Amino acid sequence: MKKATSLLLALILAFSLALPAAAAEDAEYDVLTGGVTEIQKYGNIILDIASEDLLEAGYEYGDMLTVTVNDVDHEMPLCTNYSDVDTGSLVLRDAEGVLIAAINMGDFATTNSLAEKVTAEDGTYEWKFEEGKSIEDITVSIAMAEKGGYHDQYIIHQLERTNERDDYDSDEIFANFRNIAAGELGENALFRSSSPVNNELGRAAYADDFAQAAGIQAVMNLADAGEDVEGYFEEEGFDSPYYQSLYEDGKVKALNLGVDFTADDFKSGLADGLRFFAENEGPYLVHCTEGKDRAGFVSALLSCFMGADFDEVVNDYMTTYVNYYHLTEDSEQYAAVKNSNIVSILEAITGSEKGADLSEVDLAKAAEEYLVDIGLSEEEAAALKDNLSKDYELPAPAEEPGEEEPAAAAAPAEEPAQEPAEEPVEEPVASTPSSEDAPAAAEAPAQPEASEDASNRDVKPYTVVSGDCLWNIAYKLYGSGARWTEIYELNKETVKNPEMIYIGQVLTVYAA
C-alpha cells in the first residue's frame with residue numbers, strides 16, 4: 001500500500017510539473033497582420049507590424065515563426081541581428097523596434113519576386129513592381145511555428161561590440177586594418193580594413209592613416225557608389241585626406257555591391273573590381289563598411305586564388321571577429337561564426353557540398369575557376385595573380401613635426417646598422433606611424449647594447465594575443481619595433497613567415 005501511495009504521489013507530481021511545459025507548447029499565439037513600408041537597398045523588407053506588439057503577444061527571440069508574405073509561407077526565427085542566422089538563411093530581425101524580414105547575405109525582395117531592383121550606371125537604384133502593383137499591395141502575417149525552436153542557435157550567434165576606440169587594444173585592431181600574408185601573396189601586396197572614408201563607425205581616420213602608411217595605390221570599395229564617396233568628403237569632421245587623394249586620382253573603384261555573394265550583380269561588380277586590380281599597381285586595399293562580410297569574402301577569394309591553405313583563410317577571416325567581438329578560439333560563438341560564415345563562403349567559392357572536408361579541396365584551382373566563371377578572362381586572371389604576387393616596399397614613416405622631431409630624426413643614423421640588409425622592408429609592416437612612435441625611435445641608439453652576443457642573454461616565453469605582430473611585440477617588450485628581427489631569429493623554426501603569427505602561439509623572446 002505504501003508503495004502504491006508513493007507511486008501515485010510521484011505520478012501526480014510529474015503531471016503537475018509537466019503542465020507548464022504542455023501549456024507553453026499548446027498555448028495559442030495571436031496571428032499579427034500588416035504590410036510593408038519599405039524595401040531596403042539590399043532587398044530586406046520593413047514591416048508595419050511593431051515588434052512591441054509581437055513581444056507583448058508572447059513571441060520571444062529564438063522562436064521559429066511562419067511569416068506569410070503575399071500568401072507564401074516562410075519559416076524564420078525571430079532575432080536581433082542578421083548574423084544570428086547562417087549565410088543565406090531567413091530571419092525576422094527586430095532592429096530596435098522595427099521588424100525586418102530578410103535573407104542573411106541575400107535579397108528577400110528579389111528572391112520572392114516582390115519587386116525588381118533596377119540600378120542605374122551612377123549606382124542609384126529603384127524598386128520596380130508589376131504593372132498596376134505597388135508596395136501597398138504586399139500583405140504580411142506572422143504566426144508561431146515552434147516556440148523556442150531556434151533558441152540555442154540564437155544564443156550562440158549573439159555578438160556584441162562597441163565603436164569606442166578605448167575598448168580595443170590598438171588602432172590597427174579598431175580599424176580592422178591588416179596585411180593579408182598568405183599563400184603566394186607578395187609582401188605588403190594586399191590589405192583589408194573597415195572603411196577609410198565612411199565614418200559612421202568612427203574608424204575612417206584610423207584606416208586612412210594606415211592606408212597611407214601602407215602606401216596603398218589601388219582600392220576596391222565594395223560598399224559605396226561614387227556619389228556616396230563624394231558625399232563623405234562633404235560631411236562635417238571628414239578626416240581621410242589620403243583616401244580622397246586616391247579617389248581623385250582614379251585609384252578607387254567604388255562598386256556599390258550588395259551582400260548576396262551569389263547574386264549576378266555582385267559577381268559582375270566583383271569582376272570589375274578584380275580587373276581594376278589587374279590593371280593597376282599595388283599595394284592594394286579591399287574594404288566595405290566594417291571590413292567584415294564583403295571584404296571577408298573577397299579577401300578569402302583572393303587568398304585562395306594565391307594558394308593559401310584552408311587554415312590560413314579561416315584564420316584571417318576570423319581575426320576580424322576576434323578584433324570586433326573579442327571572441328576566443330575555444331568559444332561556442334567562434335565555432336558558430338566559423339561554420340556559418342567562412343566555411344559557407346568557401347563552400348560557395350569551391351562549389352563544395354555542405355559539410356565537405358574543405359582542407360582536401362584545391363582552393364587555388366577552385367578560386368581561379370570562380371574568377372573565370374564571374375567574367376574574368378584567363379589573361380586578366382593571370383595579370384591579377386602577377387600583380388598580387390609582387391613585393392612592395394612600404395614608404396618611410398613621415399616625420400612628426402614639433403619638439404620631438406630632432407630626436408626622432410636622429411635615430412635612423414645608427415638604427416639601420418642593426419638591421420639585416422636583406423629584410424629592411426619588414427620593419428614597417430605593423431609599424432604604422434603615429435606620434436607615439438617618436439619616443440621609441442629616439443631610443444634606437446641604445447640597441448647595440450641589447451643586441452650583444454645572444455648566448456649571454458636570458459629568454460622567456462611570450463604568448464601571442466589579438467592584434468600582435470612581431471613589430472608591436474618588439475615595441476611592447478623593448479620599446480622599439482625595429483627589434484622585431486631579434487624575435488624572428490629566435491623563432492625561425494616555427495615562424496616560417498614573419499608576417500603570419502597566430503593568437504595563442506608561444507614565441508621565445510629575449511628578456512627585456
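In what follows, every heavy atom counts, from backbone to side chain, and hydrogens, waters and symmetry copies are set aside. Here the structure is a predicted model, which means the values were calculated and not measured.
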| Residues in side-chain hydrogen bond (donor to acceptor under 3.5 Å, both in side chains) with Lys476, at least two apart? | Tyr462, Asp468
| request: Start with the C-alpha distance between Asp330 and Thr328, add both sets of side-chain angles, then the distance that settles side chain to side chain donor-acceptor pair (under 3.5 Å), and finish with yes or no. | output: CA-CA 5 Å; Asp330 59 352; Thr328 57; 2.8 Å; yes
| side-chain contact (heavy atoms from CB on, under 4.5 Å) involving Glu96 - partner list, sequence neighbours excluded | none
| request: Drop me the distance from Asp171's CG to Asp209's CG, to the nearest 0.5 angstrom. | output: 8.5 Å
| message | Could you tell me if the side chain of Tyr206 sits less than 4.5 Å from the side chain of Arg165, heavy atoms only? | response | yes
| note | Taken to the nearest 0.5 Å, the spacing of His287 NE2 from Ser195 OG works out to 5.0 Å
| field | Non-neighbouring partners of Thr350 that pass side-chain contact (heavy atoms from CB on, under 4.5 Å), sequence neighbours left out | value | Ser352, Leu358, Val361, Leu363, Ala366
| query | Parallel, tilted or perpendicular: which fits the ring planes of Trp127 and Tyr125, with parallel below 30° and perpendicular above 60°? | reply | perpendicular
| message | Can you confirm if the aromatic rings of Tyr321 and Tyr334 lie within a centre distance of less than 6.0 Å? | response | no
| said: With a 4.5 Å cut-off on side-chain heavy atoms, are Phe261 and Leu270 touching? | reply: no
| message | Between Val286 and Phe277, is there a side-chain heavy-atom distance shorter than 4.5 Å? | response | yes
| query | Under 4.5 Å between any side-chain heavy atoms of Tyr243 and Val229, yes or no? | reply | yes
| request: Please identify each residue that fulfils side-chain contact (heavy atoms from CB on, under 4.5 Å) with Ala300, with sequence neighbours left out. | output: Val313, Ile342, Ile345
| query | Any chance the side chains of Ser194 and Asn176 put a donor and an acceptor closer than 3.5 Å? | reply | no
| field | Side chain proximity check, Asn280 to Gln217, heavy atoms < 4.5 angstrom | value | no
| request: Tell me, please, which residues at least two apart from Ser359 pass side-chain hydrogen bond (donor to acceptor under 3.5 Å, both in side chains). | output: Asp357
| request: Keeping to residues at least two apart or across chains, list the side-chain hydrogen bond (donor to acceptor under 3.5 Å, both in side chains) pairs with something in residues 301-317. | output: Arg178-Asp316, Arg192-Asp316, Tyr317-Asn341
| message | Determine whether Phe233 and Tyr247 satisfy the following criterion, ring-ring contact (aromatic ring centres under 6.0 Å, His included), listing intermediate values before the conclusion. | response | CA-CA 11 Å; Phe233 297 160; Tyr247 180 83; 5.6 Å; yes
| Is the Phe174 ring parallel, tilted or perpendicular to the Tyr168 ring (thresholds 30°, 60°)? | tilted
| Are Phe238 and Tyr232 close enough, and set up right, to give a ring-ring contact (aromatic ring centres under 6.0 Å, His included), and what steps lead you there? | CA-CA 7 Å; Phe238 174 76; Tyr232 301 139; 8.3 Å; no
| query | What are the two closest heavy atoms between Ala95 and Ile100, and how far apart are they? | reply | CB-CD1, 3.9 Å
| task | Apply side-chain hydrogen bond (donor to acceptor under 3.5 Å, both in side chains) to Gln40 and list each qualifying residue two or more places apart in sequence or on a separate chain. | result | Asn44
| request: Check side-chain hydrogen bond (donor to acceptor under 3.5 Å, both in side chains) between Asn256 and all other residues, then give those that pass, not counting sequence neighbours. | output: Lys41
| said: As an exercise, state the distance from CG of Leu507 to CG of Asn491, rounded to the nearest 0.5 Å. | reply: 4.5 Å
| message | Within the structure provided, determine whether Leu185 and Tyr284 are in side-chain contact (heavy-atom separation under 4.5 Å). | response | no
| Among side-chain atoms of Asp107 and Thr110, is any donor-acceptor pair under 3.5 angstrom? | yes
| field | Donor + acceptor pair across side chains of Asp122, Thr124 (<3.5 Å) | value | yes
| request: Measure across Ala211 and Phe177 and return the closest heavy-atom pair with its distance rounded to 0.1 Å. | output: N-CE1, 3.7 Å
| field | Contact list for residues 262-278, test salt bridge (charged side-chain N to carboxylate O under 4.0 Å, His left out), sequence neighbours left out | value | Asp272-Arg275, Arg275-Glu380
| query | Got a sec, which pairs hit salt bridge (charged side-chain N to carboxylate O under 4.0 Å, His left out) with one end in residues 282-302, sequence neighbours left out? | reply | Arg161-Glu290, Glu290-Lys292
| By side-chain contact (heavy atoms from CB on, under 4.5 Å) - contacts of Ala364 (at least two apart) | Asp362
| message | Are Ile135 and Phe129 packed together at the side-chain level, in the sense that at least one heavy-atom pair is separated by less than 4.5 angstrom? | response | yes
| What residue pairs, at least two apart or across chains, pass salt bridge (charged side-chain N to carboxylate O under 4.0 Å, His left out) with a residue in residues 241-260? | none
| task | Would you mind telling me which of Val85, Asp86, Asn81 makes a side chain to side chain contact (heavy atoms under 4.5 Å, CB included) with Val91? | result | Val85
